Peer 1: 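Let me begin by handing over the structure; questions about it come next.
Computed from a predicted model, the values in this text were never measured in an experiment.
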Amino acid sequence: QVQLVESGGGLVQAGGSLRLSCAASGRTFSTYAMGWFRQDPGKEREFVAAINWSGSRVDYADSVKGRFTISRDNTKNTMYLQMNSLKPEDTAVYYCAARGGNQLYRLGASYEHWGQGTQVIVSS
């Protein structure tokens with residue numbers, strides 16, 4: 001079992017940057033594939049990025065490719081999402097998710113564990 005806690009959200013102007021963190025409890029963090037998703041009210045949950053358990057492979061949604069970077073530090077049981085060149089359309093609640101396995105998963109239904117989310121607001 002793993003528990004996830006996101007942090008780092010906030011209000012930023014368009015063009016700015018934020019770094020989200022996802023802290024995981026438990027001793028098996030390094031065996032979990034991880035992902036970031038986001039959801040704006042009235043919209044469906046959207047895949048943002050995924051990373052395998054070692055961090056050697058990553059995947060991004062086209063909408064964030066080249067602007068966002070996913071990474072993890074297994075010694076700290078933490079995953080990160082560095083978000084640069086933010087746009088108003090990046091405004092959403094961002095969630096981290098985890099599941100056992102070493103693949104990259106884009107479907108939210110593939111994940112077993114979710115955090116509570118952190119709000120990101122990008123003003124124009």
Peer 1: Mind checking the CG-CD spacing from Leu86 to Gln13? Nearest 0.5 Å is all I need.
Peer 2: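 Between Leu86 CG and Gln13 CD, I get 11.5 Å after rounding to 0.5 Å.
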
Peer 1: Ignoring hydrogens and geometry, is there a side-chain-to-backbone donor-acceptor pair from Arg72 to Ala33 under 3.5 Å?
Peer 2: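 It does not hold such a pair.
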
Peer 1: May I have the step-by-step check of side-chain contact (heavy atoms from CB on, under 4.5 Å) for Val64 and Met83, ending in yes or no?
Peer 2: CA-CA 8 Å; Val64 306; Met83 306 187 294; over 6 Å; no

Peer 1: Has Glu6 got a side-chain atom pairing as donor or acceptor with Gln116's backbone, closer than 3.5 angstrom?
Peer 2: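 It does hold such a pair.
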
Peer 1: Anything under 30° is parallel, anything over 60° is perpendicular, the rest tilted; go ahead and classify Trp114 against Tyr95.
Peer 2: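 The rings of Trp114 and Tyr95 stand perpendicular, inter-plane angle above 60°.
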
Peer 1: Hey, does the side chain of Arg106 reach the backbone of Tyr60 with a donor-acceptor pair shorter than 3.5 angstrom?
Peer 2: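 Confirmed, Arg106 side chain pairs with Tyr60 backbone.
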
Peer 1: Asn74 and Trp53: which non-hydrogen atoms are nearest, and at how many Å?
Peer 2: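 Smallest heavy-atom distance, with atoms named: ND2-O, 2.9 Å.
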
Peer 1: Run the side-chain contact (heavy atoms from CB on, under 4.5 Å) check on Ser63 and Glu89 step by step: do they pass?
Peer 2: CA-CA 10 Å; Ser63 58; Glu89 51 263 43; over 6 Å; no

Peer 1: Which pair of heavy atoms, one from Leu4 and one from His113, lies closest together, and at what distance?
Peer 2: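 Closest approach of Leu4 to His113, heavy atoms only: CD1-O, 3.6 Å.
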
Peer 1: When rounded to the nearest 0.5 angstrom, what is the spacing between CG in Leu107 and CZ in Arg45?
Peer 2: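 Here the interatomic distance stands at 9.5 Å.
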
Peer 1: Please name the pair of heavy atoms, one in Ser17 and one in Ser85, separated by the smallest distance, quoted to 0.1 Å.
Peer 2: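 Scanning both residues, the minimum pair turns out to be OG-N, 4.4 Å.
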
Peer 1: Restricting to non-hydrogen atoms, name the atom on Ala24 and the atom on Val2 that form the minimum distance, rounded to 0.1 Å.
Peer 2: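 Reported closest heavy-atom pair: CB-CG2, 3.7 Å.
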
Peer 1: Are any non-hydrogen side-chain atoms of Gln103 and Ser110 less than 4.5 angstrom apart?
Peer 2: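 Counting from C-beta outward, Gln103 and Ser110 never come under 4.5 Å.
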
Peer 1: Roughly how far, to the nearest 0.5 Å, is CG of Asn77 from CD of Gln3?
Peer 2: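 It comes to 12.5 Å.
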
Peer 1: Which distance, rounded to the nearest 0.5 Å, do you find between the OG of Ser21 and the CG of Leu81?
Peer 2: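 One finds 9.5 Å between OG of Ser21 and CG of Leu81.
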
Peer 1: Distance to the ring centre below 6.0 angstrom and angle to the axis at most 45 degrees; does that hold for Arg99 and Tyr105?
Peer 2: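 So Arg99 does make the cation-pi contact.
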
Peer 1: Any donor and acceptor pair, going by atom type alone, linking the side chain of Thr78 with main-chain N or O of Ala23 inside 3.5 Å?
Peer 2: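 Side chain of Thr78 to backbone of Ala23: no pair is present.
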
Peer 1: If you round to the nearest 0.5 Å, how far is CG of Leu20 from CZ of Phe68?
Peer 2: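 That separation rounds to 8.0 Å.
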
Peer 1: Applying salt bridge (charged side-chain N to carboxylate O under 4.0 Å, His left out) to Asp62 and Lys65, what does each step give before you reach the verdict?
Peer 2: CA-CA 5 Å; Asp62 288 344; Lys65 197 171 295 183; 3.3 Å; yes

Peer 1: What are the two closest non-hydrogen atoms of Ala92 and Gln119, and how far apart are they?
Peer 2: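 Scanning both residues, the minimum pair turns out to be O-NE2, 3.3 Å.
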
Peer 1: Which heavy atom of Glu112 sits nearest to which heavy atom of Gly100, and what is that distance?
Peer 2: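 Closest approach of Glu112 to Gly100, heavy atoms only: OE1-N, 3.3 Å.
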
Peer 1: Taking the side chain as every heavy atom from C-beta outward, state whether Asn102 and Arg57 have any pair of such atoms under 4.5 Å apart.
Peer 2: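 Asn102 reaches Arg57 side chain to side chain.
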
Peer 1: Which value, rounded to the nearest 0.5 Å, describes the distance between Arg67 atom CZ and Gln82 atom CD?
Peer 2: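 Result: 12.0 Å between the selected atoms.
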
